[in-house]
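In what follows, a structure is listed as structure tokens, so that the remarks can point back to it.
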2 protein chains.
Amino acid sequence: MPRTPPGQTRERIFRFVRDRLLRGDSPSLREVRDHFGFRAVETVRAHLTALVEEGRLDREPGRARSYRLPSLPRFHPVPILGEVAAGGFEEAVENPEGILPVEISDSRDLSDFFALRVRGESMIGAGILPGDTVIVERGEPRSGQIVVALVENEATVKRLHLGPGGVVELRPENPEFEILRPPPDACRILGVVVELRRTLGTRWRGRP
Amino acid sequence: MPRTPPGQTRERIFRFVRDRLLRGDSPSLREVRDHFGFRAVETVRAHLTALVEEGRLDREPGRARSYRLPSLPRFHPVPILGEVAAGGFEEAVENPEGILPVEISDSRDLSDFFALRVRGESMIGAGILPGDTVIVERGEPRSGQIVVALVENEATVKRLHLGPGGVVELRPENPEFEILRPPPDACRILGVVVELRRTLGTRWRGRP
DNA sequence: GAGTATAACAGACATTTGTCTGGTATATTC
DNA sequence: GAATATACCAGACAAATGTCTGTTATACTC
């Protein structure tokens, strides 16, 4: 293998490893060696060790395939809930429609998160359309935040307003919908919407 | 280790491995063994082999830490472009602001995808707000699709309408904005918006 | 030219990790 | 009760993988 200008091969190795890691598949030293046509494992190890020292990679010594991207946010499994309404909340978490990988800060409690598909057009004014997926964190919501609430056995996305004396208002962002003022015991705030995802397909092309 | 009811331990092992895999970290047999307090590696191997036969896990024999989730959509690295405007497009791809893992079908060409942060309020009617991140696939757009276009050296998100004779219309979805009818040589359609992501609130979110 | 840093190689070595063969115990089924 | 299936254990083994030590060559600096 001919000698290359300083840093050039290292950059190519970094990109190769990075792309493999983003696919969830950490390569072994020999796999990297073979990909670049090196003849010595040590060549790869030297480059990777340098990349770790530069802070561009992380690793655990003496472990197979342990290189990681320090800058890459870690994905955590968040259950996509189907019918929260009928059963209890915990049952819904135990039988998710699917799992969605979501970036969550390490300081948060993973079990506080879930995802929900949006029904209805009541939040169009906030850019939340039917069919969107919202990611929700359970916990005490503040006034003004967009929340998921369980009202009359149905999960609904609205903006929360807390009035004096603990009066709860759930405000839609669509003039065609009414503000909900449920009595405290008929309404349970499930959590705060922290992220929204939408896949654009062919379904709603040309919507007015 | 006491004997457990059939299937129960296997379920727990599956969940443990699944969660580790979603964090991008495939456990070794001995790591699983230690986590559950087994004394024999073979116990774990038997369970995992069964899970593979049930189709709940995938693996490559004779490879370290090679268990995978077959159901998990594969995430691919998509560059987040900063300033497309100034420089050329290829330069922007080479120097991304960050990398965003995106679910992409295997039939697509990974290098056709990029992500862009939305500026301006011209697409509020389509539920696309400033600050949102759109994921874009390069390629020939069809009339009616939401596209990213390069007009007067600035990337902009609009709905595309192709009129007779190849007339290009870029329609905002906000009554306060005008329809753009750029001459063909002053407008380059970069691609079609296929996904949208929005982070709400103060939750931490890392950018690599 | 001497010194130094970097790229790449060579090959032995140690550890991690997966594989295999056989065994014990507890249910369930016929 | 015999046969069968499953959960778990024990320990040897082999393959994959990371580690180490030493070497050669090229480029740059003083």
Side-chain angles (χ1 to χ4, degrees), chain A residues 1-70, chain B residues 1-70:
Chain A
M1 186 105 263
R3 185 192 169 81
T4 58
Q8 183 175 304
T9 301
R10 183 161 306 164
E11 189 59 32
R12 291 178 58 214
I13 289 180
F14 172 72
R15 296 195 179 185
F16 173 73
V17 173
R18 181 199 64 188
D19 289 359
R20 286 281 300 262
L21 291 177
L22 286 168
R23 278 158 223 249
D25 184 21
S26 185
S28 69
L29 297 184
R30 280 162 184 84
E31 283 174 0
V32 179
R33 177 197 63 182
D34 295 344
H35 179 266
F36 287 97
F38 292 124
R39 289 188 234 172
V41 203
E42 186 55 27
T43 302
V44 175
R45 204 170 91 97
H47 280 299
L48 288 183
T49 303
L51 284 166
V52 169
E53 274 167 16
E54 292 168 16
R56 304 181 71 186
L57 287 178
D58 264 353
R59 67 176 303 245
E60 267 180 79
R63 231 185 107 178
R65 301 171 179 271
S66 69
Y67 286 93
R68 296 286 177 270
L69 286 171
Chain B
M1 186 106 265
R3 185 192 168 84
T4 57
Q8 184 175 304
T9 301
R10 183 161 308 164
E11 187 60 32
R12 290 177 59 215
I13 289 181
F14 172 72
R15 296 195 179 185
F16 173 73
V17 173
R18 181 200 65 186
D19 289 0
R20 285 282 300 264
L21 290 178
L22 286 167
R23 278 157 223 249
D25 184 19
S26 185
S28 68
L29 296 184
R30 280 162 183 84
E31 284 173 1
V32 179
R33 178 196 63 181
D34 294 344
H35 179 264
F36 287 96
F38 292 123
R39 286 188 236 171
V41 204
E42 186 54 28
T43 301
V44 175
R45 205 172 90 97
H47 280 299
L48 289 184
T49 303
L51 284 166
V52 169
E53 274 166 16
E54 292 169 16
R56 305 181 71 186
L57 288 178
D58 264 351
R59 68 177 303 247
E60 266 179 79
R63 227 184 112 177
R65 300 170 181 271
S66 70
Y67 286 92
R68 296 285 178 272
L69 286 171

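Sequence lines set the chain letters: A, B, ... in the order given, protein chains first and strands last, and positions in each chain run from 1. From a predicted model like this one, the values you see are computed outputs, not experimental measurements.
Listed by chain and residue number, B:Arg68, B:Pro70 satisfy the side chain to side chain contact (heavy atoms under 4.5 Å, CB included) test with B:Asp58 (two or more places apart in sequence, or in another chain). Checked against salt bridge (Lys or Arg N to Asp or Glu O under 4.0 Å), A:Arg18 has no partners two or more places apart in sequence or in another chain. Residues passing the salt bridge (Lys or Arg N to Asp or Glu O under 4.0 Å) test with B:Arg20 are B:Asp25, B:Glu31, sequence neighbours excluded. Checked against salt bridge (Lys or Arg N to Asp or Glu O under 4.0 Å), A:Glu11 has the following partners two or more places apart in sequence or in another chain: A:Arg15, A:Arg56. Partners of B:Glu53 under the side chain to side chain donor-acceptor pair (under 3.5 Å) rule, at least two apart in sequence or in another chain, do not exist in this structure.
If you measure from atom CZ of B:Phe36 to atom C1' of D:dC9, you get 17 Å, rounded to the nearest angstrom. Straight-line distance from the CG atom of B:Leu29 to the C1' atom of D:dC8: 15 Å, rounded to whole Å. Whole-Å rounding puts the A:Asp34 CG to C:dC9 C1' distance at 15 Å. The distance from atom CZ of B:Arg63 to atom C1' of C:dT17 is 13 Å, rounded to the nearest whole Å. When rounded to the nearest whole Å, the span between CD of B:Gln8 and P of C:dT26 equals 18 Å. Between B:Phe38 atom CZ and C:dT24 atom C1' there is a gap of 16 Å when expressed in whole angstrom units. In this entry the distance linking CZ of B:Arg68 with P of C:dG18 reads 11 Å, nearest Å.
Here B:Arg10 reaches the OP1 or OP2 of D:dA7: one of its side-chain N or O atoms lies under 4.0 Å away. The phosphate of C:dA8 (OP1 or OP2) has a side-chain N or O of A:Thr9 nearer than 4.0 angstrom.
Of the candidate nucleotides D:dC8, D:dT17, C:dA10, D:dT17 has the atom nearest to the side chain of B:Ala64. In this structure, the nucleotide among C:dA8, D:dT19, D:dC9 sitting nearest to the side chain of A:Arg59 is D:dT19. Counting only heavy atoms from C-beta on, B:Arg65 has its side chain closest to C:dG18 among D:dT17, C:dG18, D:dT19. The side chain of A:Arg39 lies closest to C:dA10 when the candidates are D:dT19, C:dA8, C:dA10.
In this structure, CD in A:Glu42 is found 10.5 Å from NE2 in A:His47, a value given to the nearest 0.5 Å. We find the NE2-CD1 distance between A:His35 and A:Ile13 to be 10.5 Å, quoted to the nearest 0.5 Å.
Remark: B:Ala40, B:Glu42, B:Thr43, B:His47 in residues 40-58 of chain B come within less than 4.0 Å of DNA chain D through at least one heavy atom.
Counting atom types as modelled, B:Arg30 pairs a side-chain N or O with a base atom of C:dG18 as donor and acceptor under 3.5 Å.
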